[in-house]
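Worksheet: one structure, shown below.
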There are 2 protein chains.
Amino acid sequence: MEFLGSASDASCITRARRRQTYDDSTEFKSKNLHAERRRRQKLSDRLLTLRSLVPIITNMNKASIIEDAITYVEVLQRDVKILSDQLLEMESTSEEKEKTIRIDDQINNADDHQEMKKNGIEEDVEVTKINGKKLWMKIVFGKKRGRFTKLLEAMTYLGFEMTDTNVTACNGAILVSASVERTYEDTLEIQETKELIQQIIRSI
Amino acid sequence: MEFLGSASDASCITRARRRQTYDDSTEFKSKNLHAERRRRQKLSDRLLTLRSLVPIITNMNKASIIEDAITYVEVLQRDVKILSDQLLEMESTSEEKEKTIRIDDQINNADDHQEMKKNGIEEDVEVTKINGKKLWMKIVFGKKRGRFTKLLEAMTYLGFEMTDTNVTACNGAILVSASVERTYEDTLEIQETKELIQQIIRSI
DNA sequence: ACCGACACGTGAGTC
DNA sequence: TGACTCACGTGTCGG
């Protein structure tokens, strides 16, 4: 029932200001005094860590800390919702786009590999050397829409210069024979060039 | 200094349990008694609204409420980070995809008539006679996806046999020069052949 | 009976 | 000075 207690330290939230230092020697009071102190300190610590998580702080008050935490939680929840919605939307549109591409692919370059193989023709790339800078190559590949143009583009882009090109299309296959030299490279490795062409064909 | 105060209501957080009802009639104490009551109530309200925002609640304790709020804020922050990262990644990959598609389009089917004409190149078909059964022809036409293949198909279908074909693609145009002879027809009219080729190009 | 959580009233500090 | 916040000690419920 007595009021004057025995509180020595009082760790405040706002600052380390010492307050209400009482005498501890006189009389010992309630048994739950220390427990209550611990409880208060725990709550203050929690409040402090909460405050450390909230970026925007208006006041150092307890109530303000909680208020700021409330608004921050609301902001975070809204952000999560917005972000997940955007992500969902993006995924769906991306899937649609993929689908469109697939359909596009199917419509455009419906590959005649079947027909080609049915007629006993197989893909083939042969490269032989004519001289140091010049190669001759024979390429047989399944007809796809735009595949030859792509091959030309790719080889032009890669610096190949094709001369005396001979192209024939029959039975769902395209045969290309051409002399090739690379513009800005003095040596042309046969195997390397062959693999490059195979890679181009595979990629288109 | 007196302890027995005048607290009538005590809105607890955990439940609406009435506690510590004191007598208000006896004596009036500190002036900040009401202010303190208001402050406590405000803080309790804030804590309650904060609790309403947190989905996972372990205990109804004040400290537990704040603790749960802390962990929840951490989870939300992590979620926001993860989501924004995913979104960013998706956007970049999507942009890459778009870019790929654009490049693909540019390579494939974007009819480059505009670019071709911009570069001073015009469609052209020239046919000259080599000998009775053999012609030489030069064809310049705007690049479209599959146009060359179609040209080859059409000419094969019409019985043309092309030898020494030279194909170049640049600036959105395709130039084809080739020697041509018709398999099962002995005479090849120059003007006729030229018009036929023009018709083929127009039709595709 | 013990222990934890709570609201209370109050003194003390700050602005 | 007054308005405000804070920590304190305490009584009192509930488990």
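Residue numbering restarts at 1 for every chain, and letters A, B, ... go by the order of the sequence lines. When reading the values below, keep in mind they use all heavy atoms of this one structure, side chains included, and skip hydrogens, waters and symmetry mates.
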Exercise for the section: May I have the distance from A/L48 (atom CG) to D/dC6 (atom P), rounded to whole angstrom? Expected result: 12 Å
Practice task
Kindly indicate whether the side chain of B/N32 and the base of C/dG9 share any N or O donor-acceptor pair separated by less than 3.5 Å?
Solution key: no
Handout entry: Separation of D/dA3 C1' from B/K31 NZ (nearest whole Å)
Key = 11 Å
Handout entry: Atom pair distance, as rounded to whole Å: CG in B/L43 and C1' in D/dC4
Key = 14 Å
Handout entry: Polar pair under 3.5 Å, donor/acceptor by atom type, side chain A/R40, base D/dG9
Key = yes
Handout entry: Residues A/R78, A/E74: salt bridge by 4.0 Å N-O rule
Key = no
Handout entry: Quiz item: B/E36 side-chain donor-acceptor pair to D/dC6 base, under 3.5 Å
Key = yes
Exercise for the section: Please report, rounded to the nearest Å, how far the C1' atom of C/dA5 is from the CG atom of B/L47. Expected result: 13 Å
Handout entry: Heavy-atom side-chain contact between A/E195 and A/Q198 under 4.5 Å
Key = yes
Problem - From B/S64 atom OG to B/R51 atom CZ, the distance as rounded to the nearest 0.5 Å - result: 11.5 Å
Practice task
Starting from C1' on C/dG4, measure out to NZ on B/K62 and report it in whole angstrom.
Solution key: 14 Å
Practice task
Provide, to the nearest angstrom, the distance between the CZ atom belonging to B/R39 and the C1' atom belonging to C/dA12.
Solution key: 13 Å
Exercise for the section: Check every atom of C/dA5, D/dT5, C/dA7 against the side chain of B/S44 and return the nucleotide holding the closest atom. Expected result: C/dA7
Practice task
Would you check if B/I70 and A/L53 make a side-chain contact, meaning some heavy-atom pair closer than 4.5 Å?
Solution key: yes
Exercise for the section: Provide, to the nearest angstrom, the distance between the NZ atom belonging to B/K42 and the P atom belonging to C/dA7. Expected result: 16 Å
Problem - Interatomic distance where NE2 belongs to A/H34 and P belongs to C/dG4 [whole Å] - result: 14 Å
